[in-house]
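Here's the structure, in structure tokens; my notes come after.
Throughout, a chain's letter reflects where its sequence line sits, starting with A, and its residues are numbered from 1. Below, each value reflects all heavy atoms present in this structure, side chains not excepted, and no hydrogens, waters or symmetry copies. This structure is a prediction, so every number in the text was calculated from the model and none was measured.
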Amino acid sequence: DINGVGQKYHLELVLEDVLDKDSTVNCTAEVLYHLGNNIPPDVQFTIEGELKNAEEADNIFYNRIKSLEKELVAENIPDSHGNVSPEMEPVHLLAWVASGYVIWQNSTENTKFQLAQIKRVKQVKRSDEYLEFDYTILLHEMVSQEIIPWQMTVLWHPRHSVQVTQDSRQPKHASE
Amino acid sequence: MKFLLVFAALAAAARSEQLFVGDQVLRIMPSDEEQINLLRVLAEHAAVQVDFWRHPTSPGQPADLWVPFPGLQAVKVFLESNNISYIIMIEDVQELLDEEKKTMTKSRRINRSTSTFDYASYHTIDEIYDWMDMLVDDHPDLVSKLQIGQSYENRPLYVLKFSTGGSNRPAIWLDTGIHSREWITQATGIWTANKIAKDYGQDPSITAILDSMDIFFEIITNPDGFAFTQSSNRLWRKTRSITASSNCIGVDPNRNWDAGFGGSGSSSNPCSETYHGPYAHSEREVKSIVDFILSHGNVKSVISIHSYSQMLLFPYGYTTAPAPDHQELNELAKKAVSDLAAVYGTKYTYGSIADTIYMAAGTTVDWAYDNGVKYSFTFELRDTGRYGFLLPSSQIIPTATETWTALLDIMVHVLEHPY
């Protein structure tokens with residue numbers, strides 16, 4: 001507890017590669033939640049060792065999307081039965097990374113967000129080398145149990161980090 | 001045509017009559033417009049009712065005509081005398097219906113076994129209702145199906161009773177699917193119910209349990225919500241009851257119980273996912289269980305199964321004060337979670353609801369506990385968020401298998417600690 005500022009947490013955690021459960025990396029982090037909860041928490045972290053190199057998989061995905069005749073459009077990832085087709089898996093993973101940013105920016109000490117589903121994703125045509133995707137995702141907030149639709153525009157290129165250039169909370173439909 | 005045959009078979013079966021003996025279907029080949037006209041005239045003016053199963057359209061296109069037995073001779077004379085060529089396509093409609101009925105019953109019998117049911121998939125509400133009847137058929141001396149009430153939309157609330165006899169034996173209550181989007185729970189419920197039935201007489205633990213106790217298992221505890229997740233919104237949680245003062249539908253059935261009702265960790269906003277409802281037990285889905293457990297009077301354990309988070313929880317959720325039996329429940333949870341992890345390495349946390357997950361008022365297990373059911377537990381099954389509610393069906397059987405270990409620990413403890 002830091003008087004007048006907020007609550008600081010010191011964390012020791014293990015990062016596990018989603019695609020390879022045996023590949024783990026130790027991590028320490030400090031998270032400062034500000035008083036008032038209207039600014040995103042400050043996060044500082046250090047990683048012991050290196051994260052796996054995903055260059056090859058990134059390039060394969062990048063080239064595949066670049067060579068599509070029509071812009072990619074997809075819905076409900078995963079589907080009702082939890083399935084994600086192999087072609088959509090990188091789209092799913094990209095959403096995970098991008099939603100991590102959205103979650104961070106909207107977290108307080110009383111929230112716990114998870115990406116529940118990609119409701120819809122639409123590729124946006126670009127003239128430069130970047131790939132751009134317009135996602136509508138559903139975030140599940142654990143404490144309130146709410147499902148919150150969220151729009152996010154994601155930019156990516158294998159040699160650059162993921163960017164969320166725009167995001168906004170969407171209204172929920174009453175009877176849905 | 002197949003539809004007609006099926007319809008006819010059903011109609012016949014319903015009236016237990018053989019309506020179509022000797023009837024035939026003729027395939028007629030009109031060679032010109034004049035013959036087509038003649039056929040239309042025949043259909044309209046025949047003394048016996050005939051019916052085109054395939055209407056005459058143009059020359060060279062076949063028309064199929066159903067002719068009841070009494071009219072056969074007259075129709076054939078008519079066709080022959082007008083040089084309209086035909087063949088007998090179906091010699092005896094009744095024979096065909098009988099054959100079809102036999103095949104249908106046979107194929108249903110193949111699917112009609114709980115040992116060939118596909119437990120590794122998610123099923124529709126109707127498939128699960130059918131499966132329940134199969135389970136009872138396959139284990140008539142052990143399993144029966146009770147109806148404890150109706151949902152808001154008048155769906156039946158079915159409970160499977162596992163009993164080897166006795167009269168009002170001490171009982172264990174299990175429920176899955178109270179939150180409809182938690183599909184892994186209904187799926188685990190089916191597998192588990194089958195496991196209980198299958199292992200009785202084979203596995204010493206479940207045999208000992210069922211030799212002295214009964215198990216009541218409600219698999220689709222929120223059928224309206226479940227149907228809605230299949231038809232409209234996969235992530236629907238609540239019931240589907242209409243609230244007079246709001247556009248929003250549904251009450252959180254795990255905030256509707258009379259235990260700290262309306263308190264912290266539940267919402268008075270009808271649009272909220274944790275809306276507690278206008279008053280405790282307002283939901284039929286909840287009230288029916290309350291009535292059942294209270295009138296049974298001898299329920300010793302209530303285990304309510306949810307997802308996700310990988311937790312084993314016990315009272316209280318409506319207060320941070322420890323339950324009187326906290327220590328014993330905590331020890332039992334610790335053991336169950338450890339045995340669960342030994343199966344596939346799945347890590348669970350455990351503790352009281354308020355300590356472990358969040359404050360939640362009006363929950364099933366808090367109500368059960370405050371009404372004398374000491375061994376009240378809530379499971380939160382796989383996973384921890386990667387797939388969340390949309391858990392891949394490939395994880396159904398592993399989840400059910402590891403959860404079974406924990407369930408058995410709890411049930412054995414209940415058996416060995418009568419009160």
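- Using a 4.5 Å cut-off between heavy atoms, N76(A) makes no contact with chain B at all.
- Within the 4.5 angstrom heavy-atom criterion, atoms from both the backbone and the side chain of Y122(B) approach chain A.
- Put simply, the side chain of N256(B) gets close to the backbone of S282(B): a donor and an acceptor are under 3.5 Å apart.
- Using a 4.5 Å heavy-atom cutoff, the side chains of P398(B) and R382(B) are in contact.
- Looking at S80(A), the atoms closer than 4.5 Å to chain B (heavy atoms on both sides) sit in the backbone and in the side chain alike.
- Using the six-membered ring where Trp is involved, F117(B) and W131(B) have ring planes that are tilted, between 30° and 60° apart.
- Ion pairing between E273(B) and K172(A) holds under the 4.0 Å rule for side-chain N and carboxylate O.
- If you measure heavy-atom distances from R181(B) to chain A, the contacts under 4.5 Å come from the side chain alone.
- When heavy atoms are compared at a cutoff of 4.5 Å, T384(B) approaches chain A solely by way of its backbone atoms N, CA, C and O.
- Ion pairing of E71(A) with K122(A) is absent here, as no side-chain N (NZ or NE/NH1/NH2) approaches a carboxylate O to less than 4.0 Å.
- Proximity to chain B (any heavy atom under 4.5 Å) is restricted, for L138(A), to the side chain, taken from C-beta onward.
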